[in-house]
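Just the heavy atoms: all of them, side chains too, but no hydrogens, waters or symmetry mates, feed the values below.
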Amino acid sequence: MTDNTLYYGDNLDILRRYVKDETVDLVYLDPPFNSNATYNVLFGEQDGTQAASQIKAFDDTWHWDASAAAAYQDTVELGGQVSRAMQAFRTVLGENTLLAYLAMMAPRLVELRRVMKPTASIYLHCDPTASHYLKMLMDSVFGVRYYRSELIWKRSASHGGAGSYNDIHDTILYYSKGDSPTWNPPYAQHDTEYIRSHYTNRDADGRLYQLVSATGAGAGPARRFGDRMIEPPAGRHWAWKQEKIDELMVEGRIVFTASDMPRYKRYLDDTPGTPLGTIWTDIPPINSQAAERLGYPTQKPLTLLERIINASSNPGDVVLDPFCGCGTAVAAAQKLGRQWIGIDITHLAVTLMKHRLWDAFGKDLPFQVKGEPVSVPDAQALAASDPYQFQWWALGLVGARPVEGKKGADKGIDGRLYFHDEGAGGKTKQVIFSVKAGHTNVTHLRDLRGVIEREGAEIGVLLTMEEPTRPMHTEAASAGFYDSGWGTRHPRLQVLTVAELLAGKGIDMPATRGNVTFKKAERVKTTEAHPELPLA
């Protein structure tokens with residue numbers, strides 16, 4: 001059995017290093033669109049208002065630069081259909097942001113096909129600005145014969161447009177790896193008008209039904225209905241064998257019309273619904289009032305992912321999301337009794353996913369997180385390669401949310417953590433963080449002390465790679481204590497080293513019931529189809 005795992009890192013590298021050939025049953029990916037937009041994660045305060053702080057989660061504007069050119073060249077040199085497709089794109093598009101986007105996607109799609117089982121499917125979620133190019137790229141990777149459907153999801157209501165039609169839908173490209181993918185036909189609920197027009201009869205017990213034909217195309221023999229042998233109409237055959245007809249007669253499911261021909265009672269509550277088509281208008285997007293909304297800008301509804309996972313996988317199968325963001329596909333897979341693999345390139349997303357899984361399924365939910373620092377040398381390497389990722393990782397260890405990473409905009413604040421210590425309806429209090437990956441001294445603590453006084457914060461914490469000096473200890477002690485509403489006392493100024501964090505030491509602060517810093521995900525009941533799976 002595959003262990004449920006979150007990976008931090010570049011999904012191309014993770015796929016190549018850790019995911020074996022033909023081990024995945026379903027892939028869903030929602031890669032950042034080429035829409036020239038910079039997304040920010042907006043967090044809500046405990047009172048429901050929007051926070052002023054933001055985090056630059058990712059900038060999905062792709063640039064044709066040395067990195068994009070190298071990715072393009074690597075794909076072209078592999079040869080085959082994908083190579084030819086990329087060369088054609090370059091001829092048509094030139095060297096621009098869209099070609100850079102396609103150069104990023106091509107090798108990842110090749111790797112995703114490699115890890116898929118012969119019965120696996122892949123759903124690529126994109127917007128119309130790039131969907132036609134991605135479809136051609138998918139054709140070259142998977143083969144035109146394995147194109148299954150182009151799904152249209154209505155993601156918003158119509159709104160005022162300036163000079164053109166309103167863009168209100170996303171595209172989901174559905175392909176399989178082989179000829180016989182896992183398929184559980186999905187159904188939508190019958191709409192009210194359909195029920196009113198088709199289910200016009202009612203039994204004595206109140207059950208609605210319609211009368212449908214008891215025959216199918218093609219000639220067949222006569223069958224016995226009660227005490228009579230009845231020939232089917234010319235060119236038709238009875239839909240069931242004699243044993244089934246006898247059962248239906250006993251159950252009262254056969255009705256004779258005025259022409260004395262049998263018809264079948266189809267009850268409304270026996271039907272799964274209307275077979276689902278390729279245009280999905282029945283799943284609303286996540287609006288500002290939605291209970292499942294976590295504040296992640298590209299978050300998709302849980303119901304959307306449940307539909308895809310139910311249709312193209314079975315309980316116990318492995319679901320992979322290589323761009324998992326806040327983890328909707330992972331959460332849906334867990335809820336439905338599937339195993340899962342999630343990959344993201346930011347520690348912020350990994351932190352959000354961990355909190356979401358714990359909130360929804362409980363702290364005892366077993367899963368692994370790979371790629372995060374587990375030692376001081378690991379942390380030092382992360383700090384050297386990407387200071388912002390180090391900052392987000394360190395803050396994630398204490399459950400704090402980062403502030404926007406724009407230089408000079410943080411006013412000495414790298415992160416915040418909120419708590420309540422006055423009972424229900426009490427004021428929201430805060431801990432302010434400063435994170436230092438390099439050399440630290442007493443000046444950093446003095447600066448932090450000034451920040452907590454300016455912000456009216458209760459506690460300030462310096463997270464540092466180095467051991468604090470004696471003057472730093474003295475400065476921290478001189479800041480005094482915060483006396484909580486619970487009657488407990490806590491140092492107002494604290495220093496925690498990375499080594500202490502990795503050893504499990506936390507902030508000295510008032511006890512709080514749950515994390516009020518990140519929006520709490522709803523508790524979810526899992527599908528108990530396979531008791532051996534690690535379900536909450």
Side-chain angles (χ1 to χ4, degrees), residues 149 151-154 174 182-217 220 223-226 228 230 232-233 236-285 290-292 301-317 331-338 522-531 535:
S149 292
L151 306 172
I152 303 299
W153 173 52
K154 182 183 177 184
Y174 165 38
T182 299
W183 180 244
N184 305 305
Y187 295 87
Q189 288 186 335
H190 294 308
D191 62 46
T192 304
E193 183 55 39
Y194 177 85
I195 294 172
R196 186 181 295 115
S197 62
H198 285 72
Y199 289 86
T200 56
N201 304 291
R202 189 182 295 272
D203 263 350
D205 60 3
R207 296 176 72 191
L208 290 172
Y209 68 89
Q210 62 171 314
L211 293 176
V212 298
S213 174
T215 65
R223 299 288 190 198
R224 185 180 65 255
F225 290 82
R228 291 181 293 167
I230 303 178
R236 306 286 290 180
H237 71 277
W238 296 117
W240 309 283
K241 294 182 178 180
Q242 187 62 58
E243 293 81 3
K244 182 64 176 178
I245 291 174
D246 293 343
E247 290 178 15
L248 294 173
M249 290 290 293
V250 170
E251 294 171 0
R253 300 289 290 264
I254 300 296
V255 174
F256 291 90
T257 65
S259 63
D260 214 26
M261 290 297 288
R263 290 179 72 82
Y264 169 66
K265 277 187 180 182
R266 177 180 291 160
Y267 287 102
L268 175 62
D269 55 19
D270 280 346
T271 63
T274 303
L276 199 65
T278 57
I279 300 177
W280 296 357
T281 62
D282 59 331
I283 299 178
E292 68 178 282
L302 193 65
T303 307
L304 181 69
L305 272 299
E306 289 177 10
R307 174 174 289 175
I308 290 170
I309 290 170
N310 275 321
S312 290
S313 71
N314 295 314
D317 283 353
Q334 179 65 41
K335 178 181 177 181
L336 296 174
R338 275 65 168 173
E522 290 186 292
R523 189 75 174 188
V524 172
K525 291 187 78 172
T526 55
T527 299
E528 297 181 0
H530 283 245
L535 303 181

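- Although no hydrogens or angles enter the test, the distance criterion places no donor-acceptor pair under 3.5 Å between the side chain of Arg207 and the main chain of Asp205.
- Here the shortest heavy-atom pairing between Tyr199 and Leu208 reads O-CD2, 3.9 Å.
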Give the intermediate values and the outcome of side chain to side chain contact (heavy atoms under 4.5 Å, CB included) for residues Ile230 and Trp238.
CA-CA 10 Å; Ile230 303 178; Trp238 296 117; 3.6 Å; yes

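- Considering OH of Tyr187 and OG1 of Thr274, their distance stands at 10.0 Å, rounded to 0.5 Å.
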Step by step, work out the side chain to side chain contact (heavy atoms under 4.5 Å, CB included) result for Gln242 and Asp246.
CA-CA 6 Å; Gln242 187 62 58; Asp246 293 343; 2.9 Å; yes

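- Between Leu304 atom CG and Glu306 atom CD the span is 9.5 Å, to the nearest 0.5 Å.
- Here the shortest heavy-atom pairing between Leu211 and Arg263 reads O-NH2, 3.0 Å.
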Test side chain to side chain contact (heavy atoms under 4.5 Å, CB included) on Met261 and Thr215; report intermediate values, then the result.
CA-CA 10 Å; Met261 290 297 288; Thr215 65; 5.8 Å; no

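- The structure places NZ of Lys154 at 16.0 Å from CH2 of Trp280, a figure rounded to the nearest 0.5 Å.
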For the pair Tyr264 and Ser213, evaluate side chain to side chain contact (heavy atoms under 4.5 Å, CB included) and give the outcome as yes or no after the intermediate values.
CA-CA 6 Å; Tyr264 169 66; Ser213 174; over 6 Å; no

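- The two residues Pro285 and Trp153 have their closest heavy-atom pair at CA-CZ2, 4.0 Å.
- If you take OH on Tyr174 and OG1 on Thr278, they are separated by 13.0 Å, rounding to the nearest 0.5 Å.
- In this structure a side-chain-to-backbone donor-acceptor pair under 3.5 Å is present from Ser197 to Tyr194.
- A donor-acceptor pair under 3.5 Å is formed between the side chain of His237 and the backbone N or O of Ala217.
- Between the side chain of Arg253 and the main chain of Lys265, a donor-acceptor pair closer than 3.5 Å is present.
- Side-chain contact check for Leu302 versus Lys335: some heavy-atom pair is nearer than 4.5 Å.
- Summarising the geometry, atom CD1 belonging to Ile283 is positioned 6.0 Å from atom OG1 belonging to Thr303; distances are rounded to the nearest 0.5 Å.
- Taking the side chain as every heavy atom from C-beta outward, Arg266 and Asp270 never approach each other to under 4.5 Å.
- The shortest side-chain heavy-atom distance between Glu247 and Trp240 does not fall under the 4.5 Å cut-off.
- Within 6.0 Å of atom CD1 in Ile279, 12 or fewer heavy atoms from other residues, nucleotides or ligands are found, so the atom counts as exposed in its surroundings.
- Nearest heavy atoms, Arg228 versus Asp260: NH1-OD2, 2.6 Å.
- Contact between Ser313 and Asn184 at its shortest, heavy atoms only, is O-ND2, 3.0 Å.
- Nearest approach of Gly220 to Pro232, heavy atoms of both residues: O-CG, 3.4 Å.
- Here the straight-line distance linking atom CZ of Phe225 with atom CG of Leu248 works out to 9.0 Å at 0.5 Å rounding.
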